[in-house]
Amino acid sequence: MTMTPLPAALAPAAPLVAWRLDAAVFAATWDSGIGAELFGGRWNPKGLEVVYASFDSSTTILESAVHKGFDALDTVPHVLTSLEIKDPSGIKVVMPADVPNPAWLHNGVASAGQQAWGAALLAATPFVVFPSVVSKCSWNIVFRPDLAAGKYALRDQYRLGLDTRLNPPRP
């Protein structure tokens, strides 16, 4: 099992690792971007293959839970994937003040303008880092698999064992 890398001050040679969570049936296609292509996402319209990941496994679990719910994460097999970004020089970091509409960083349905803005960034650079909407102190990294090909590598995949206290019995 791959652990979340230590902060750079504790492990200066630590690789840049990102995490994503998929239903186990989709584990082999973790970097295809097909889900975002079919349904669209916060930073991409339908029709654009994009892969969403987070810089820590906890945030990727929360990002999945907000869409699927803890019941699905508890009862449907899921796979946690870690990937390594080989060259971080191709990363565009979007700070909260960079976003044209601050409402984009709050929960709710993404607007067409938001998706178009994100798609333009994703066309210009291999990786874009956005603030997480679900976990306000965390970051997501988003990439188009066609533009980022060869710039990342699979590190590890393993079945998610979700703490059962996150889906307690209902009274």
Side-chain angles (χ1 to χ4, degrees), residues 2 4-5 14-68 72-73 76-101 104-105 107-135 138-160:
T2 303
T4 299
L16 182 57
V17 176
W19 302 80
R20 64 173 283 109
L21 186 64
D22 295 288
V25 298
F26 301 119
T29 59
W30 69 272
D31 66 341
S32 68
I34 189 71
E37 178 188 24
L38 291 174
F39 302 106
R42 181 167 296 281
W43 304 110
N44 73 290
K46 287 181 184 179
L48 182 62
E49 294 174 344
V50 173
V51 178
Y52 285 79
S54 301
F55 282 130
D56 63 272
S57 57
S58 299
T59 299
T60 203
I61 291 168
L62 286 175
E63 292 280 355
S64 294
V66 77
H67 297 288
K68 299 178 179 187
L73 297 182
V76 177
H78 280 75
V79 171
L80 194 58
T81 299
S82 62
L83 63 134
E84 183 174 336
I85 309 300
K86 295 179 182 181
D87 180 5
S89 66
I91 295 176
K92 163 75 174 159
V93 177
V94 175
M95 300 301 290
D98 299 336
V99 176
N101 182 346
W104 294 355
L105 297 178
N107 63 348
V109 177
S111 71
Q114 178 178 359
Q115 290 177 330
W117 188 79
L121 287 175
L122 289 161
T125 187
F127 301 96
V128 181
V129 174
F130 294 99
S132 170
V133 171
V134 176
S135 179
S138 300
W139 299 93
N140 293 325
I141 185 165
V142 183
F143 63 93
R144 287 183 37 189
D146 58 339
L147 296 181
K151 298 177 188 322
Y152 66 93
L154 173 67
R155 288 189 75 196
D156 200 6
Q157 286 187 313
Y158 63 94
R159 286 203 48 199
L160 175 69

Donor-acceptor pair, distance only, cut-off 3.5 Å: does the side chain of [X] make one with the backbone of [Y]?
X    : Y    : result
T60  : S57  : no
Q115 : G41  : yes
S135 : S132 : no
Q157 : A27  : yes

Counting heavy atoms not belonging to K46, are there more than 12 under 6.0 Å from its NZ? no
Counting neighbours of CG on D146 that are heavy atoms of other residues, nucleotides or ligands and sit closer than 6.0 Å, is the number greater than 12? yes
Rounded to the nearest 0.5 Å, what separates atom [atom1] in [X] from atom [atom2] in [Y]?
X   : Y    : atom1 : atom2 : result
L83 : F143 : CG    : CZ    : 5.5 Å
D87 : Y152 : CG    : OH    : 15.0 Å
W19 : N140 : CH2   : CG    : 15.0 Å
I85 : R155 : CD1   : CZ    : 11.0 Å
R20 : I141 : CZ    : CD1   : 12.5 Å
H67 : Y52  : NE2   : OH    : 8.5 Å

- Starting from the C-alpha separation in whole Å, work towards a yes-or-no answer on side chain to side chain contact (heavy atoms under 4.5 Å, CB included) for V142 and L122. CA-CA 8 Å; V142 183; L122 289 161; 3.9 Å; yes
Taking all atoms of both residues into account, what is the closest heavy-atom pair of [X] and [Y], and its distance?
X    : Y    : answer
D98  : V93  : OD2-O, 3.8 Å
G33  : P145 : N-CG, 4.4 Å
H78  : A72  : CE1-O, 3.6 Å
P77  : R159 : CB-NH2, 3.6 Å
T125 : G90  : OG1-O, 2.9 Å
L48  : A119 : CD2-CB, 3.8 Å

Using side-chain heavy atoms (C-beta onward) and a distance below 4.5 Å, is [X] in contact with [Y]?
X    : Y    : answer
N101 : W117 : no
I91  : L16  : yes
W30  : L154 : yes

query: Just by distance, with hydrogens left out, do T59 and S54 show a side-chain donor and acceptor under 3.5 Å apart?
result: no
### Message
Please determine whether side chain to side chain contact (heavy atoms under 4.5 Å, CB included) holds for the pair L21 and L73, giving the CA-CA distance in whole Å, both sets of side-chain angles, and the decisive distance to 0.1 Å.
### Response
CA-CA 10 Å; L21 186 64; L73 297 182; 3.8 Å; yes
* Between W104 and W43, how do the two ring planes meet: parallel, tilted or perpendicular, split at 30° and 60°? -> perpendicular
Review point. Would I34 and F26 count as a side chain to side chain contact (heavy atoms under 4.5 Å, CB included) if you check the C-alpha gap in whole Å, the side-chain angles of each, and the deciding distance to 0.1 Å?
Key: CA-CA 10 Å; I34 189 71; F26 301 119; 5.9 Å; no
(Q) What verdict does the side chain to side chain contact (heavy atoms under 4.5 Å, CB included) test give for I61 and L160, after you've listed the backbone C-alpha separation in whole Å, the side-chain angles of each residue and the deciding distance to 0.1 Å? (A) CA-CA 9 Å; I61 291 168; L160 175 69; 3.8 Å; yes
